[in-house]
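FYI, side chains are in, hydrogens and waters are out, and symmetry mates aren't considered; it's all heavy atoms of this structure.
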Amino acid sequence: MKRLGILLALFVCLGTGLAARAEPLSVTKAVEMRQALDDLALAAANHDLVLVKMQPIDTALAKRGFENPHIRILFIGGESAVRWAEAVEPRLLNLLPLRLTLIQREGSLTVMSDDFEPWLGEFPDDPAHRMIEAWREELRAMLDDFLRQ
């Protein structure tokens, strides 16, 4: 009975949005890291974005004696995003270049974006809010392209 009460309380909280939180964009594809990097570069180019930098977290940790977590971070962006952020709200430059985390696990690769929700809350009724939404939609479209390749 106690478990039922806890589950019911959790369901009510989730249903009312008290525990709701937006998640980062995330996709999973059956591909190795090298192919994923190529596919992401192509998907980014299809959306006028470029890979600015790839940070190999995995090799840096392995060099220092830690287990290889098979994680890399990609930084992607475009010149227009920087110009728009400067014009609309310079604090948005903190989000640029946009970051994607790549995690390789047992034959599949997951790509995750940063969570934009805290930033959207920072600018609730503002052109900056619309800009963040546009970036999120562009990333979503880019990740859809990545999945189709």
Checklist line | Within one Ile-Leu-Val-Met-Phe-Trp-Tyr cluster: Leu93 and Leu95, side-chain cutoff 4.5 Å | finding: yes

Next item on the list: Kindly work out whether a path of hydrophobic side-chain contacts (I/L/V/M/F/W/Y, heavy atoms less than 4.5 Å apart) joins Leu61 to Met33.
Entry: no

Note to self: Between Leu139 and Leu98, is there a side-chain heavy-atom distance shorter than 4.5 Å?
What the structure shows: yes

Note to self: If the threshold is 4.0 Å, N to carboxylate O, is there a salt bridge linking Arg34 and Glu32?
What the structure shows: no

Check: Which pair of non-hydrogen atoms, one from Pro69 and one from Asp58, has the smallest distance, and what is that distance?
Finding: CD-CA, 3.9 Å

Check: Taking it one step at a time, do Leu37 and Arg72 satisfy side-chain contact (heavy atoms from CB on, under 4.5 Å)?
Finding: CA-CA 10 Å; Leu37 292 170; Arg72 300 209 178 164; 4.0 Å; yes

Note to self: Hydrophobic cluster membership, with links at side-chain heavy-atom distances under 4.5 Å among I/L/V/M/F/W/Y: are Leu109 and Leu51 in one?
What the structure shows: yes

Note to self: If hydrophobic clusters are built by linking Ile, Leu, Val, Met, Phe, Trp and Tyr wherever their side-chain heavy atoms come under 4.5 Å apart, do Ile103 and Leu25 end up in the same one?
What the structure shows: no

Check: With a 4.5 Å limit on heavy-atom distance, are the side chains of Met54 and Ile73 in contact?
Finding: no

Item checked: From CA spacing to verdict: side-chain contact (heavy atoms from CB on, under 4.5 Å), Leu92, Met131 -> CA-CA 9 Å; Leu92 290 179; Met131 183 174 293; 3.7 Å; yes

Checklist line | Nearest-0.5 Å distance, CG of residue Leu143 to CZ of residue Arg140 | finding: 9.0 Å

Check: If you measure from CD1 on Ile76 to NZ on Lys53, what distance do you get to the nearest 0.5 Å?
Finding: 15.0 Å

Checklist line | Lys29 side chain to Phe146 backbone, donor-acceptor under 3.5 Å | finding: yes

Next item on the list: Report the distance from atom CG of Leu74 to atom CD of Gln55, rounding to the nearest 0.5 Å.
Entry: 10.0 Å

Notebook entry, point to check: Counting heavy atoms not belonging to Arg64, are there more than 12 under 6.0 Å from its CZ?
Noted result: no

Item checked: Separation of Ile132 CD1 from Trp119 CH2 (nearest 0.5 Å) -> 7.5 Å

Notebook entry, point to check: Could you go step by step and tell me if Trp84 and Val82 meet the side-chain contact (heavy atoms from CB on, under 4.5 Å) rule?
Noted result: CA-CA 5 Å; Trp84 293 339; Val82 173; over 6 Å; no

Checklist line | side-chain contact (heavy atoms from CB on, under 4.5 Å) assessment of Leu40 paired with Met142 | finding: CA-CA 8 Å; Leu40 283 165; Met142 189 199 89; 4.0 Å; yes

Next item on the list: Hey, could you give me the CD/CD distance between Glu89 and Glu122, rounded to the nearest 0.5 Å?
Entry: 8.5 Å

Next item on the list: Of all the heavy-atom pairs spanning Gln149 and Ala43, show the shortest one and how long it is.
Entry: NE2-N, 3.5 Å

Next item on the list: Count the heavy atoms of every other residue, nucleotide or ligand shown that sit under 6.0 Å from CG of Asp125, and state whether that count exceeds 12.
Entry: no

Checklist line | Heavy-atom pair with the smallest gap, counting every atom of Gly78 and Leu49 | finding: N-CD2, 4.0 Å

Notebook entry, point to check: Quick one: side-chain contact (heavy atoms from CB on, under 4.5 Å) partners of Thr28, sequence neighbours excluded?
Noted result: Ser108, Thr110

Margin query: If I take atom CG from residue Asp145 and atom CG from residue Leu147, how far apart are they, to the nearest 0.5 angstrom?
Written below: 9.0 Å

Check: Charged N to carboxylate O under 4.0 angstrom, Glu133 versus Arg130?
Finding: no

